[in-house]
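Atoms within each ligand, like the ligands themselves, are counted from 1 in listed order.
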Amino acid sequence: MSGTFQIRGGKRLHGEITPQGAKNEALQILCAVLLTDEEVRIKNIPDIHDVNRLIEILGDFGVKVTKNGQGDFTFKADQVNFDYIKSNEFKKDGAKLRGSIMLMGPMLARYGEAYMPTPGGDKIGRRRLDTHFQGLVELGAEFNYDEDEYFYSLKAKELRGKFILLEEASVTGTANIVMAAALAKGKTRIYNAACEPYLQQLCKMLNRMGANISGIGSNLLTIEGVDYLRGTEHTMLPDMVEIGSWIGLAAMTKSEITIKNVNWNQLGVIPNTFRKLGIELEQSNDDIFIPAQENYKIQKFIDGSILTISDAPWPGFTPDLLSIILVVATQAKGSLLVHQKMFESRLFFVDKLIDMGAQIILCDPHRATVIGMNQETPLRGTTMVSPDIRAGNALLIAALSAEGKSIIHNIEQIDRGYENIDGRLKAIGADIERI
Ligand SMILES: CC(=O)N[C@H]1[C@@H](OP(=O)(O)OP(=O)(O)OC[C@H]2O[C@@H](n3ccc(=O)[nH]c3=O)[C@H](O)[C@@H]2O)O[C@H](CO)[C@@H](O)[C@@H]1O
Ligand SMILES: C=C(OP(=O)(O)O)C(=O)O
């Protein structure tokens with residue numbers, strides 16, 4: 001366990017927040033630098049653990065990494081070192097995050113071989129990789145899994161485009177296959193492709209590098225393979241999960257917060273999903289203004305039944321914000337069913353909220369019913385351990401709204417995804433210390 005936050009809750013916050021660059025976009029984009037021997041300059045890279053680890057892996061793999069300024073790096077993969085990729089060191093490094101799996105597609109396409117330990121990331125239920133490997137095998141790769149070492153390898157003399165129907169619209173799986181197909185011979189079509197904004201960003205960047213990808217934003221991508229990709233520049237979108245977290249924080253703590261430059265057009269159903277909880281938020285140019293609200297009332301379905309908020313592949317509601325929705329509902333007026341369809345172990349953190357006084361019934365590992373307390377009885381501060389990145393942030397929001405002192409251990413989980421979270425919270429008036 002590493003790192004602890006001490007929080008004295010119950011304070012109203014006030015001010016402006018600028019969201020960090022998107023974690024899950026950064027992980028895709030950083031892997032794509034392997035696709036060219038020319039320089040790729042990337043801006044608005046968030047300074048968070050997962051991303052920094054991936055940058056270190058690229059450096060250890062031999063990619064030249066130059067820091068131009070805060071969040072601004074240039075990468076040049078003109079020489080790489082496969083000794084590292086086959087080493088025990090990489091078996092440890094690659095296993096520390098989920099995003100490292102997306103090194104496989106580019107490695108395979110560019111060098112004809114790819115290796116990867118079972119990746120890490122959140123422990124939120126089974127996280128299979130079948131879609132990734134099915135796609136890469138269909139393009140012509142030979143697949144091997146060393147069960148003793150938990151080590152995957154792929155080899156291909158040549159990748160050949162074809163029609164691929166994905167079993168599920170996996171985000172990182174689609175990214176992997178798109179990157180491999182960009183340098184394959186001939187035409188690849190990927191149906192049931194994930195189409196979230198970060199994947200769109202990846203495809204647009206690949207096109208700027210000389211790839212030929214159409215159907216961007218839809219679930220049918222067509223990729224005409226090319227022989228060579230060149231360097232480019234790319235800027236990350238703001239992190240939509242972080243934006244949702246700030247909305248939730250504002251509501252729970254009755255605070256007035258403005259979230260700057262959110263790229264509203266890329267937020268999909270996120271703003272309206274928070275509005276369904278009764279949270280007022282206004283679009284002002286490209287900012288979101290959340291006024292201080294004494295309380296907020298959960299809507300019902302048109303037939304009067306209890307509202308359900310569930311996750312779905314984009315353009316559905318992202319599973320990464322359901323923990324935030326859940327915590328915010330604990331202080332709303334009314335009831336909500338939270339249905340986490342994608343991950344099967346992501347709701348267990350509700351026990352901590354129950355300890356804090358929240359009214360929640362965990363129906364099964366996928367569903368929790370929340371009976372909101374209408375800000376009449378505040379949560380009570382307590383000591384807790386952050387189980388995963390988003391639950392960790394949900395507990396942080398709970399602690400900031402709670403009466404009294406809270407201690408959150410294992411904040412390494414929060415630091416994986418949120419840049420300087422304590423510094424930014426302090427700047428808007430929160431009482432939080434890293435101890
Ligand atoms: C590094 C990264 O980018 N991580 C994100 C990425 O993970 P990742 O790419 O690992 O997630 P996947 O999209 O592969 O799938 C997530 C889960 O949903 C299930 N599934 C997926 C698609 C589908 O149509 N049906 C279905 O049931 C999968 O079996 C899996 O359990 O996308 C997830 C889903 O948005 C996010 O939670 C993660 O934050
Ligand atoms: C599940 C997440 O991350 P990862 O896929 O990196 O574990 C997340 O960002 O919420």
Strictly by modelled atom types, are [X] and [Y] linked by a side-chain donor-acceptor pair under 3.5 Å?
X	Y	result
Tyr115	Glu113	yes
Thr308	His339	no
Gln413	His49	no
Thr318	Asp311	no

I'd like to know if [X] pairs up with [Y] as an ion pair, taking the criterion as any Lys NZ or Arg NE/NH1/NH2 lying under 4.0 Å from an Asp or Glu carboxylate oxygen.
X	Y	answer
Lys64	Glu39	no
Asp72	Arg41	yes
Glu242	Arg424	yes
Glu344	Arg128	no

Taking the six-membered ring for Trp and the full ring for Phe, Tyr or His, determine whether the centres of Phe90 and Phe61 are under 6.0 Å apart.
no

[X] contact mode with ligand 1 (heavy-atom cut-off under 4.0 Å):
X	result
Ser170	both
Trp314	neither
Leu27	side chain

Flag this pair as yes if the NZ/CZ of Lys91 is under 6.0 angstrom from the six-membered ring centre of Phe151 and inside a 45 degree cone about the axis; otherwise no.
yes

Identify, for [atom], the protein heavy atom at the shortest distance, and state residue, atom and that distance.
atom	answer
atom 16 (C) of ligand 1	Phe343 CZ, 3.4 Å
atom 31 (O) of ligand 1	Met342 O, 3.4 Å
atom 34 (C) of ligand 1	Pro319 CG, 3.8 Å
atom 37 (O) of ligand 1	Asp320 OD1, 2.6 Å
atom 1 (C) of ligand 1	Asn24 OD1, 3.4 Å
atom 8 (P) of ligand 1	Thr172 OG1, 3.5 Å

Close-contact set for ligand 1 against Pro313 heavy atoms, below 4.0 Å:
23 (C), 24 (O)

Under 4.0 Å from any heavy atom of Ala169, which atoms of ligand 1 are there?
13 (O), 22 (C), 23 (C), 24 (O)

Is [X] reaching over with its side chain to a backbone N or O of [Y], donor-acceptor style, under 3.5 angstrom?
X	Y	answer
His132	Gly173	yes
Thr4	His409	no
Asn176	Gly105	yes

Just to be sure I'm reading this right: ignoring hydrogens, which of Arg98, Arg128, Glu168, Arg127 gets closest to atom 26 (C) of ligand 1? Compare them by their nearest heavy atoms.
Glu168

Option of least heavy-atom distance to atom 13 (O) of ligand 1 (set: Val171, Thr318, Asn219)
Val171

Ligand 1 N/O within reach of Lys23 N/O, cut-off under 3.5 Å
no

Tell me whether Arg126 reaches ligand 1 (any heavy atom closer than 4.0 angstrom to a ligand atom).
yes

Sub-4.0 Å heavy-atom environment of ligand 2, residues by chain
Lys23, Asn24, Asp50, Arg98, Gly121, Asp122, Ile124, Arg127, Asp320, Arg346, Ile389, Arg390, Arg416

